[in-house]
Amino acid sequence: MKMYKRVAEYLKDAGLLGGFEVQYLKWRDTKNKSSKFIVFRPNGGSILKTDLGNEYYTLIDLIGAVNDIETIDNDTSIIADYIKNNPYTNSTGLI
């Protein structure tokens, strides 16, 4: 499984994706002005070498509903705090 999808599963398992329309690789607007979106996409990393570790970068875009800036700001803080407090998973390693 691609790393950006593993990160999405990590946040889903934590119950942090409720209320979001989850998308991968590219944001696709549904024209529903009350929807909020979370988009997971790869963002580079380091070269994989035999018997050595490497890094994967995942970019997470949060797109809020029209005229609801505060909610998406709070969601961002909740996700960031969760990652800071739970930095290791079996599927991603150290995140």
Side-chain angles (χ1 to χ4, degrees):
M1 178 185 300
K2 303 281 185 176
M3 186 57 74
Y4 64 91
K5 289 188 176 183
R6 290 182 190 183
V7 173
E9 285 297 313
Y10 159 74
L11 295 177
K12 178 183 171 191
D13 291 346
L16 298 175
L17 301 185
F20 283 100
E21 291 193 34
V22 178
Q23 298 180 350
Y24 300 104
L25 302 176
K26 177 183 170 185
W27 176 54
R28 292 166 299 282
D29 191 1
T30 62
K31 306 297 183 198
N32 181 346
K33 296 190 184 294
S34 64
S35 291
K36 61 182 185 175
F37 304 86
I38 188 165
V39 183
F40 295 88
R41 53 193 172 119
N43 194 35
S46 63
I47 297 171
L48 179 63
K49 295 182 182 178
T50 306
D51 297 328
L52 295 175
N54 66 323
E55 296 178 351
Y56 294 94
Y57 303 138
T58 298
L59 190 61
I60 304 171
D61 300 308
L62 285 83
I63 299 134
V66 172
N67 299 322
D68 192 8
I69 296 168
E70 190 170 329
T71 299
I72 205 72
D73 185 47
N74 291 336
D75 291 334
T76 302
S77 295
I78 290 167
I79 289 170
D81 289 344
Y82 179 80
I83 292 170
K84 287 179 201 172
N85 293 316
N86 302 279
Y88 185 84
T89 74
N90 289 336
S91 64
T92 64
L94 186 62
I95 187 167

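Here the structure is a predicted model, which is why all the values come from computation and not from measurement. Numbering of residues begins at 1 and proceeds along the displayed sequence. The basis for the numbers below is simple: all heavy atoms, side chains too, and nothing from hydrogens, waters or symmetry mates.
In summary, the side chains of Ser34 and Asn32 do present a donor paired with an acceptor at a separation below 3.5 Å, with no hydrogens or angles considered.
By the criterion of side-chain heavy atoms lying less than 4.5 angstrom apart, applied directly or through intervening Ile, Leu, Val, Met, Phe, Trp or Tyr residues, Ile60 is not grouped with Tyr57; the two fall into different hydrophobic clusters.
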Q. Going through the checks in order, is the side chain to side chain contact (heavy atoms under 4.5 Å, CB included) test met by Tyr56 and Asn43?
A. CA-CA 8 Å; Tyr56 294 94; Asn43 194 35; over 6 Å; no

Q. Does the side chain to side chain contact (heavy atoms under 4.5 Å, CB included) test come out yes or no for Leu16 and Tyr82, once each step is laid out?
A. CA-CA 9 Å; Leu16 298 175; Tyr82 179 80; 3.6 Å; yes

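Within the model, atoms CD1 of Ile95 and CG of Asn86 stand 10.0 Å from one another, a figure rounded to the nearest 0.5 Å.
Side-chain atoms of Ile63 and Trp27, non-hydrogen and from C-beta on, do get closer than 4.5 Å to each other. Put simply, the side chain of Ile83 reaches to within 4.5 Å of the side chain of Leu11, judged on heavy atoms. Residues Leu62 and Val39 have side chains not in contact (no heavy-atom distance under 4.5 Å, counting atoms from C-beta outward). The shortest side-chain heavy-atom distance between Ile38 and Leu17 falls under the 4.5 Å cut-off. Residues Ile78 and Asp81 fail the side-chain proximity criterion, which asks for heavy atoms closer than 4.5 Å. By the 4.5 Å heavy-atom criterion applied to side chains, Arg41 and Thr58 are not counted as neighbours.
For the pair Lys5 and Phe40, the cation-pi test (distance below 6.0 Å, angle within 45°) is failed.
Listed by first and then second residue, the side-chain hydrogen bond (donor to acceptor under 3.5 Å, both in side chains) pairs involving residues 12-21 are Glu21-Ser35 (not counting sequence neighbours).
In this structure a side-chain-to-backbone donor-acceptor pair under 3.5 Å is missing from Gln23 to Phe37.
Annotation: side chain to side chain contact (heavy atoms under 4.5 Å, CB included) contacts of Thr71 (sequence neighbours excluded): Lys36, Asp68, Asp75. With sequence neighbours excluded, the residues satisfying side chain to side chain contact (heavy atoms under 4.5 Å, CB included) with Leu25 are Tyr4, Pro42.
More than 12 non-hydrogen atoms from other residues, nucleotides or ligands lie less than 6.0 angstrom from CG of Asp29. The local environment of CG in Leu94 is crowded, with over 12 non-hydrogen atoms from other residues, nucleotides or ligands closer than 6.0 Å.
Here the closest heavy-atom approach between residue Glu9 and residue Met1 is recorded as CG-SD, 4.3 Å.
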